[in-house]
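Okay, so here's the structure we're looking at.
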Amino acid sequence: MQRRFNPLEADARWQQVWDEKQSFRASDTSDKPRSYVLEMFPYPSGRIHIGHVRNYSMGDVLARFRRMTGHEVLHPMGWDAFGMPAENAAMEKKVHPGDWTRANIASMRAQLKKLGFALDWSRELATCEPDYYGHEQALFLDMLDAGLVYRKESAVNWDPVDMTVLANEQVIDGKGWRSGAPVEKRKLSQWFLKITQFADDLVEGLKSLDQWPDKVKLMQENWIGKSVGLQFSFALDAPLGGIDRLEVFSTRPDTIFGASFAAIAADHPIALALAAEDSELAAFAEECRRTGTAAAEVETQEKKGYDTGLSVVHPFDPDWKLPLFVANFVLMDYGTGAVMGVPAHDQRDLDFARKYMLPAERVVAPPGEEDQPVQAEAYTGPGRLVNSRFLDGMSVEAAKAEVIARAEAEGWGSGTTVWRLRDWGVSRQRYWGTPIPVIHCEGCGPVGVPKEQLPVTLPEDVGFDIPGNPLDRHPSWKHVDCPTCGKAALRETDTLDTFADSSWYFIRFASQPKDRPFDRETVEKWLPVGQYIGGVEHAILHLLYARFWTRALRHMGQIGFAEPFTGLFTQGMVTHETYKAGDGSWLSPQEVRKSGDDYVHIESGQPITVGRVEKMSKSKKNVVDPDDIIAQYGADAVRWFMLSDSPPERDLPWTEAGIEGSWRFVNRLWRLFGQVDPAATGDDKALDRKLHQTIDGVARDIEALSFNKAVAKIYELTNAVEKAAPSASRSAAIRALALLVAPMTPHLAEEAWAEMGAANGCTGLIADAAWPAVDPALLVEDEVTVACQVMGKLRDTIIVPKGTPKEELERLVLAAPNVARTLDGATPKKVIVVPDRLVNLVI
RNA sequence: GCGGACGUGGCGAAAUCGGUAGACGCAGCGGACUUAAAAUCCGCCUUCCCCUGGAAAUGCGGGUUCAAGUCCCGCCGUCCGCACCA
């Protein structure tokens, strides 16, 4: 065996062997239990970054481990290949988005292959190819037929930089998620997917996802935002044009007798009608629209209103009139754009009432506080109804039910659920996306492209020298005949949001027939995905859309399950120290050298300020390139480092010392593998025990994705094996160690396996080897260390046979020298014995 | 503001059910080998003290318990998500 492990040579050799033997090809017909391990597929930006390496290393350990434990594993890879960056590149570099994207895919594929992931490359797909997006178009048409797609003119979020519409989920703090430009409102005809039809089920379904992080489930629940209450109408005391009623929604119909005003949004039809003849109101409405929705602004925003002079009539008392305001805190796009104001029990209403001198009468009170006046804070807790006529004495819940029942009986309202979730607007005014397969005919309206004409492919001859949608200004592409009446018609020139592409790729991975999106039977063999791994930044967008899409397919009878991902794991980021030069400019790790405890700039020798450890970003220059690292240390050291130290859900600080340490360990293992001796004889019971405990523990840790713990256990075993004297046990441990590290450092393991060879029982590829069996008898120790405590403080420890009886333990502890000295002749009042663990003496 | 997570050595972290806090790794220190260096190996490594032992210590302050990093109450801090949601 060579003295040093040579990854540069070994990595490529084993990668080629796995490739030739198609070692990681998933069989649809295997009888083994199936396991679908999936990491979120990358956007082909051009380079793999270290975060990808961490993500795919984790998935790879699980995939390889599952193979070793007898599973038929599906572990595929593909490309989320449509999107804006390709068009931006086209504009800047005068390359076609397709050429740019495909070149990026080629180089990133090569990078991934260098890491030796156990991927089934035969199933590789790219969403920008017609043999993917054509099937997506078919699914869109199915949804159109099923009534899950509709077209609507609505105010949409317009990104003025990317010149496209954005979904609600893609607007963050009033800014476009990609461009960061403040989003404008525009009225446009757009295609929508009816995600709200599944709102309730999407919330309910979260309960079944016990292998999802609570954090993600909570984020989804909040995003969907279910509110149960009463939608009802106030009569206007004087009709305005054709409008004589005002619809409002309230989650607190029980407080209806505490109402002292009604308020509408600045964009509410009544407000618009009034503003047409009231310039003061028009100015106020304009001010409301101008106000940003950014966090800081909203918080400091004063509640302001404009008294319309109109009144509404209380539904339970025709003589009770409530003033109607236009208010800046009422939003047109939530509920009905109008509220009833109950100052005593809603803080915003209270702030508003104080400013405009409106009454604030308590109608719910906890016991004993019935007569307390309303102070600075609105009361939102439980209690009994007061000052509320026929509701007096009821609980909040009973009163809600009573008001809803009466409203429904009297016909002026009904119990309703309102959702924060909006339907998913999927139209994008972009070129590099899936063409929406619809033809607009003057006579027939929008008509779906007949399925036999799919795919509707993107034209190649497009230019990006002027802003806007190249599909729309293409001379011929959009001009087609109506499939229904045959008259001249126009193709839809919008493309689908790229989140549609990632909403079903995990299904296509499992089954890729040429003539349809997927084969149901094959899909149901593999799905749902057993373990999905990716960044938490997709907690809402991608994961919600994928859950919707899967439900839509089930709704249409195409598949039999609703949840696409049984297990979800959100891994942390890879971070790095930041370095700042004296002039405040950022420096990359390559420009910095450690000198004693300080850092200096290599070029100038000037001292460097070390900043906080942050997510790697180009702007702060704290990035490391996986290619450089692999070239220096090989794939296995990088993979090992990605799994070590930090728990996978937490951020992992990249350090030069850390990767050096991993590299040293790879070599340490390599030297140890060289010490295997098939001729060695003799037992080492302690080492056997350590080995079997480690095999068991590492398996559990990998199943739980606690890779850092598995790594620690492997270090411990390595330490023990190194210290052990030669024996048959030691050789067996060395061989088993190769199997234990095989999922993490597969090239090293494969090389060692081949070197150890048949003489040591190492035949075939370690990639095809089974996980070592555990002897349960060796998991239990026959001796245990028992802690000897006096008054809860550790005074001594004794080693006793496992299962030593209580009385005997007590006797031994009392005899322990340090215990006897501490007791100093005193007799314990009480003795607590936890068998095999500790004895605590209470004096 | 609402919701959530987290807080343990110089650093990344372990501690699975309330039962020996700091496993394992990194960095550091001392030593061996070497002409020397690298590599490797051995040892030390929470703090303090009257050092064959002892005391304190898991963000801070209380509580429950024979026993608390772990459970309960109240603070402080950091990070994340949402945000005028009726």
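In what follows, every heavy atom counts, from backbone to side chain, and hydrogens, waters and symmetry copies are set aside. Protein chains get the first letters and strands the later ones, always in sequence-line order, with residue 1 at the start of each. Just so it is clear, the structure is predicted and the values come from calculations on it, not from any experiment.
- The phosphate of B:A67 (OP1 or OP2) has no side-chain N or O of A:R837 nearer than 4.0 angstrom.
- Nucleic acid contact class of A:L838 (heavy atoms, under 4.0 Å, all strands): base.
- Donor-acceptor pairing under 3.5 Å is lacking for the side chains of A:E649 and A:Q571.
- Using bins of under 30°, 30° to 60° and over 60° for the plane-to-plane angle, the ring pair A:F329/A:F352 lands in the perpendicular bin.
- Using a 4.0 Å heavy-atom cutoff across all strands shown, A:K709 reaches sugar-phosphate atoms only and no base atom.
- Scanning RNA chain B for stems, defined as runs of 3 or more consecutive Watson-Crick or G-U wobble pairs whose donor-acceptor distances all fall under 3.5 Å, gives the following ranges: B:1-7 with B:76-82, B:10-12 with B:24-26, B:28-32 with B:40-44, B:46-49 with B:53-56, B:59-63 with B:71-75.
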Distances under 3.5 Å between nitrogen or oxygen atoms of protein and nucleotides 42-47 of chain B:
none

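- Applying the side chain to side chain donor-acceptor pair (under 3.5 Å) test to A:R795 and every residue at least two apart in sequence or in another chain returns nothing.
- Checked against the 6.0 Å centroid threshold, A:W212 and A:F569 do not count as a close aromatic pair.
- Note on A:D696 versus A:R700: salt bridge recorded, some NZ/NE/NH1/NH2 to OD/OE distance being below 4.0 Å.
- Using a 4.0 Å cutoff on non-hydrogen atoms, the parts of residues 639-649 of chain A near RNA chain B are A:D645, A:S646, A:P647, ordered by number.
- Here A:T785 lies in heavy-atom contact (under 4.0 Å) with a base.
- For A:N840 and B:U65, the shortest distance from a side-chain N or O to OP1 or OP2 is not below 4.0 Å.
- Across B:A86, B:A23, B:G19, the shortest atom-to-atom separation from the side chain of A:S250 is found for B:A86.
- Ring geometry for A:F325 against A:Y356 counts as tilted: the plane angle lies between 30° and 60°, on a 0 to 90° scale.
- Contacts of A:Q789 with the nucleic acid, taken as non-hydrogen atoms under 4.0 Å apart, include base atoms.
- Remark: A:N708 is not in phosphate contact with B:G25, judged by side-chain N or O atoms under 4.0 Å from OP1 or OP2.
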Protein-nucleotides 51-59 of chain B N/O pairs closer than 3.5 Å?
unit_1 : atom_1 : unit_2 : atom_2 : d
B:A55  : OP1    : A:R795 : NH2    : 3.2
B:A55  : OP2    : A:R795 : NH1    : 3.2

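- At least one side-chain nitrogen or oxygen of A:R650 sits closer than 4.0 Å to the OP1 or OP2 atom of B:A13.
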Kindly give the atom pairs (protein nitrogen or oxygen, nucleotide nitrogen or oxygen) under 3.5 Å for nucleotides 68-74 of chain B.
none

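- Centroid-to-centroid, the aromatic rings of A:F257 and A:H314 come within less than 6.0 Å.
- Contact annotation: A:R664 side-chain N/O to B:A27 OP1/OP2 distance is under 4.0 Å.
- Among the atoms of the strands shown, none is found under 4.0 Å from any heavy atom of A:V536.
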